[in-house]
Amino acid sequence: MKKLIALLLAALMIVSLAACSNSPASSTGGDTSSSAGGSGKYLGVMLSTNVMSLDTDLATDGDSFEVIADCIDGLMQMDADGAAVPAIAESYDLSDDGTTYTFHLRDAKWSNGADVTANDFIFAWRRICQNAGEYAYMMDEIANIKGAAAIIADGADPTTLGVSAPDDKTLVVELEVPVSFFPGLMYFPTFYPINEEFYNSLEDGTYGTSPDTFLSNGAFVLEDYTPGTASLAVKKSDSYWDAANVKLAGINYQVVGSSDNALTAFKSNALDVVTISGNQVASAQDDADLSKNLEVTGAGYMWYLSFSQTANNAQGGKLANANLRLAISNAIDRESLVDNYVMDGSLATYTAVPPQFAASSTTGEDFSADQDKFKDYIGYDVAKAQSYLEAAKAELGVDSFEFTMIYGNNEGDEVTKVAQAIKDAVEGNLPGVTINLQPMTKAERLDKMQNDNYDIALTRWGPDYADPMTYLGMWITNNSNNYGFWSNAEYDQIIADCTTGAYIADYDARWAAMYDAEALVMQEAVIAPLYTKANANLIAAGVKDIQFHPVGLNRVYKAATVE
């Protein structure tokens with residue numbers, strides 16, 4: 001069964017899937033045909049964790065991004081195949097040198113009746129840069145919007161950002177250099193608009209904290225939400241520019257913390273869409289009815305170990321020693337992790353960029369198709385791990401190490417099991433190394449990582465756009481997502497050449513250079529990749545056309561129906 005699921009994942013992970021099942025239909029939500037066309041029903045959907053924020057300046061997790069994207073359209077949106085297609089931007093023009101985009105906006109409304117204008121994007125983007133939050137890096141390091149770097153890093157005037165509005169329906173965006181995947185960035189929530197007048201009418205810090213403080217221009221409007229609670233709801237927007245193609249009456253979200261509870265909720269018709277893992281996948285496979293509802297899709301993100309390399313942590317920064325990190329990485333049996341603990345079709349991963357999300361536009365080859373290319377530095381090799389450990393002991397002048405590994409106890413059952421398996425593997429294979437486990441909520445884990453208050457973290461990252469740089473960009477010096485605070489001048493130069501310099505106009509040379517950058521990450525074990533996540537979804541009969549994507553937005557409901 002495990003191999004079958006893995007094969008299914010390999011075939012399905014790089015495309016968006018439509019969910020369709022044949023077992024008894026769920027009654028979740030009931031008929032609300034008076035408020036919506038089409039199926040006129042609410043869809044009951046599981047979230048893995050609480051939504052952390054509906055503010056695009058503060059949101060950093062997939063669940064929050066999903067709900068934001070339910071309610072707000074950016075310039076572009078994703079089609080069923082994951083390609084960027086028009087949303088608020090009806091069309092765009094690109095200058096001959098590839099550095100100026102002119103977006104022509106359609107007639108669209110906010111849920112309070114106000115027009116969506118070019119200024120809504122300008123206001124939101126300036127705010128992202130000025131606040132310099134975790135995702136601000138996408139404005140300068142990834143999108144390369146002119147002036148963004150100076151605002152984010154140096155506090156320059158936000159009005160110097162390279163965006164302008166000749167009129168309400170025209171948005172001009174100037175880039176420092178051509179960015180081939182720029183249109184695809186525009187469906188990511190960081191680039192969504194905010195109505196300035198509405199935002200300024202609110203008390204500081206209240207935007208996005210309730211239906212009354214959140215404005216929608218998308219397929220759904222926020223119906224019920226209180227920060228920190230385990231449920232929320234969105235309903236169809238009657239003012240949406242494409243409302244005729246939205247068939248659901250709404251979505252009832254429910255946070256479910258365990259795979260066992262998810263399976264129970266699905267079997268009792270309490271939820272229509274859940275994700276399961278571990279033994280519950282085997283249980284579903286063995287059930288004649290449930291097996292018809294099981295759909296394996298690519299979740300896109302990669303789980304890995306992040307190592308703090310500062311003197312503030314890890315016994316005075318001992319994890320700054322590359323041999324010690326390599327020892328830990330090579331002591332872990334990744335195949336055992338996915339086969340015996342995760343058990344949902346996830347793929348053991350041995351590269352810093354996970355497989356099956358980024359393909360070369362000239363050759364079509366998956367950037368990480370070759371999972372053996374760094375076998376000299378990563379794999380399950382106890383003898384090699386112990387050799388690295390001895391080298392670390394000699395270099396550091398100590399014979400034992402004790403570190404604390406943090407992980408989210410509300411990120412799925414398998415995360416707790418994986419954390420324990422890693423502890424057992426490291427302590428069993430590396431004499432003198434102790435790993436203490438510290439469970440906490442995902443929000444607490446992120447807070448500790450962001451504030452340099454941890455030794456080792458079991459964490460994950462999902463690709464925000466279909467290019468290897470969505471991972472490789474994290475490890476440049478002082479990047480806001482470089483939680484290990486690793487710094488390497490050669491690496492920084494390669495990434496600079498790939499984003500703004502020598503390779504920007506040569507696609508194949510840039511692709512090759514990114515391999516060189518990835519090699520440095522693996523040679524020094526900046527992170528220890530573990531597995532690329534799959535989702536084993538149970539989807540009720542009659543639920544069709546949910547779009548699943550491994551990049552950006554994992555689930556999109558605009559076209560979904562419930563029969």
Side-chain angles (χ1 to χ4, degrees), residues 13-14 82 84 98 135 137-144 149 175-185 188 298 300-302 304 306 322 329 347 349-378 460-484 486-530 532 550-552:
M13 196 169 184
I14 59 174
Y135 266 77
Y137 82 99
M138 292 191 72
M139 292 282 174
D140 66 328
E141 296 170 15
I142 307 304
N144 279 291
L175 309 183
E176 298 284 359
V177 294
V179 178
S180 60
F181 48 84
F182 186 82
L185 293 175
F188 195 76
Y301 53 83
M302 179 178 70
Y304 61 95
S306 177
S329 182
L347 302 176
T349 300
Y350 303 88
T351 51
V353 176
Q356 301 179 341
F357 89 93
S360 167
S361 64
T362 58
T363 67
E365 182 181 357
D366 177 5
F367 186 84
S368 295
D370 182 5
Q371 284 291 296
D372 291 326
K373 60 186 173 183
F374 301 120
K375 63 183 179 181
D376 290 342
Y377 310 107
I378 182 173
R460 70 181 192 179
W461 184 264
D464 299 328
Y465 51 97
D467 187 88
M469 199 58 68
T470 191
Y471 283 90
L472 297 175
M474 289 196 293
W475 300 303
I476 61 176
T477 302
N478 294 327
N479 182 276
S480 59
N481 297 298
N482 185 354
Y483 296 132
W486 178 70
S487 180
N488 182 292
E490 180 184 359
Y491 184 87
D492 291 348
Q493 186 60 56
I494 294 174
I495 299 301
D497 289 341
C498 289
T499 54
T500 61
Y503 305 124
I504 197 65
D506 188 334
Y507 186 92
D508 290 333
R510 176 179 179 271
W511 205 254
M514 287 191 292
Y515 280 125
D516 294 338
E518 186 183 29
L520 291 174
V521 173
M522 299 309 300
Q523 289 166 14
E524 294 201 18
V526 177
I527 62 168
L530 298 172
T532 302
V551 176

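Since the structure is predicted, the reported quantities are computational estimates derived from the model, not experimental observations. Here, residue 1 is the first one in the sequence, and each next residue gets the next number.
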Participant: Of all heavy-atom pairs between Glu518 and Ser368, which one has the smallest distance, and what is that distance?
Facilitator: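 Looks like OE2-OG, 4.2 Å.
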Participant: Between atom CD1 of Ile495 and atom CD of Glu490, what is the distance when rounded to the nearest 0.5 Å?
Facilitator: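 One finds 11.0 Å between CD1 of Ile495 and CD of Glu490.
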Participant: Working to the nearest 0.5 Å, report the span between OH of Tyr515 and CG of Leu520.
Facilitator: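 Reported value, rounded in 0.5 Å steps: 15.5 Å.
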Participant: Indicate the atoms forming the closest heavy-atom contact of Gly473 with Ile476, along with that distance.
Facilitator: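 Closest approach of Gly473 to Ile476, heavy atoms only: O-CG1, 3.5 Å.
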Participant: Check the surroundings of atom CD in Gln523: do more than 12 heavy atoms from other residues, nucleotides or ligands lie under 6.0 Å from it?
Facilitator: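 It does: Gln523 CD has more than 12 such atoms within range.
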Participant: Taking the side chain as every heavy atom from C-beta outward, state whether Lys375 and Tyr350 have any atom pair closer than 4.5 Å.
Facilitator: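 When only atoms from C-beta onward are counted, Tyr350 and Lys375 do not touch, as no gap falls below 4.5 Å.
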Participant: Run the ring pair (Phe, Tyr, Trp, His ring centres under 6.0 Å) test against Trp475 and tell me which residues pass, sequence neighbours left out.
Facilitator: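 By the ring pair (Phe, Tyr, Trp, His ring centres under 6.0 Å) rule, Trp475 matches no residue at all.
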Participant: Partners of Phe181 by ring pair (Phe, Tyr, Trp, His ring centres under 6.0 Å), sequence neighbours excluded?
Facilitator: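 With neighbours one apart ignored, the set is Tyr465.
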Participant: When you measure from the side chain of Tyr137 to the backbone N and O of Ile142, does any donor-acceptor pair fall under 3.5 Å?
Facilitator: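 Judged by distance alone, no pair lies under 3.5 Å.
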Participant: Say you draw a straight line from CG of Asn481 to CD of Glu141; how long is it, rounded to the nearest 0.5 Å?
Facilitator: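 Here the rounded value is 8.5 Å.
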Participant: Do the rings of Phe367 and Trp511 sit parallel, tilted or perpendicular, given the 30° and 60° boundaries?
Facilitator: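 Ring orientation of Phe367 relative to Trp511: perpendicular.
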Participant: Nearest 0.5 Å, please: how far is OG1 in Thr477 from CG in Asp492?
Facilitator: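 One gets 3.5 Å once the value is rounded to the nearest 0.5 Å.
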Participant: A side-chain contact here means heavy atoms from C-beta on lying under 4.5 Å apart; do Pro463 and Met302 qualify?
Facilitator: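 The answer is no; the side chains never approach within 4.5 Å.
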Participant: With a 3.5 Å distance limit and no angle check, can you tell me whether Tyr491 reaches the backbone of Leu472 through a side-chain donor-acceptor pair?
Facilitator: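 Looks like yes, one N/O pair under 3.5 Å.
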Participant: With sequence neighbours excluded, tell me which residues meet ring pair (Phe, Tyr, Trp, His ring centres under 6.0 Å) with Tyr483.
Facilitator: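 Result, ring pair (Phe, Tyr, Trp, His ring centres under 6.0 Å) vs Tyr483: none returned.
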Participant: Run the salt bridge (charged side-chain N to carboxylate O under 4.0 Å, His left out) test on Arg510 and Asp467 for me, step by step, so that the C-alpha distance in whole Å, both residues' side-chain angles and the decisive distance to 0.1 Å come before the verdict.
Facilitator: CA-CA 11 Å; Arg510 176 179 179 271; Asp467 187 88; 2.9 Å; yes
Participant: Identify the two heavy atoms, one from Pro354 and one from Thr349, that lie closest to each other, and give their separation to 0.1 Å.
Facilitator: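 Closest approach of Pro354 to Thr349, heavy atoms only: CA-CG2, 4.3 Å.
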Participant: Could you pull out the closest heavy-atom pair between Asn482 and Trp486, with the gap in Å?
Facilitator: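 Shortest heavy-atom contact: ND2-O, 2.8 Å.
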Participant: Taking side chain as C-beta onward, heavy atoms only, is Leu347 less than 4.5 Å from Gln356?
Facilitator: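 Contact flag for Leu347/Gln356 side chains = yes.
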Participant: Which atom names give the shortest non-hydrogen contact between Ala519 and Phe374, and what distance separates them?
Facilitator: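 Taking Ala519 first and Phe374 second, the nearest heavy atoms are CA-CE2, 3.5 Å.
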Participant: Consider only side-chain N and O atoms of Thr351 and Gln371, and report whether a donor and an acceptor are under 3.5 Å apart.
Facilitator: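 Yes - a donor-acceptor pair under 3.5 Å links their side chains.
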Participant: Might you work through the side-chain contact (heavy atoms from CB on, under 4.5 Å) test for Met514 and Asp497, ending with a clear yes or no?
Facilitator: CA-CA 10 Å; Met514 287 191 292; Asp497 289 341; over 6 Å; no
Participant: Indicate yes or no for a side-chain donor-acceptor contact from Ser329 to the backbone of Ile378 under 3.5 Å, with no hydrogens or angles considered.
Facilitator: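 No; zero donor-acceptor contacts below 3.5 Å.
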Participant: Can you name the closest pair of heavy atoms from Asp464 and Trp461 and give their distance?
Facilitator: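 Reported closest heavy-atom pair: OD2-CZ2, 3.7 Å.
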Participant: Show your working on side-chain contact (heavy atoms from CB on, under 4.5 Å) between Met138 and Leu185 and close with a plain yes or no.
Facilitator: CA-CA 9 Å; Met138 292 191 72; Leu185 293 175; 3.9 Å; yes
Participant: Distance check, rounded to the nearest 0.5 Å: Ile494 atom CD1 versus Tyr503 atom OH?
Facilitator: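 If we round to the nearest 0.5 Å, Ile494:CD1 and Tyr503:OH are 7.5 Å apart.
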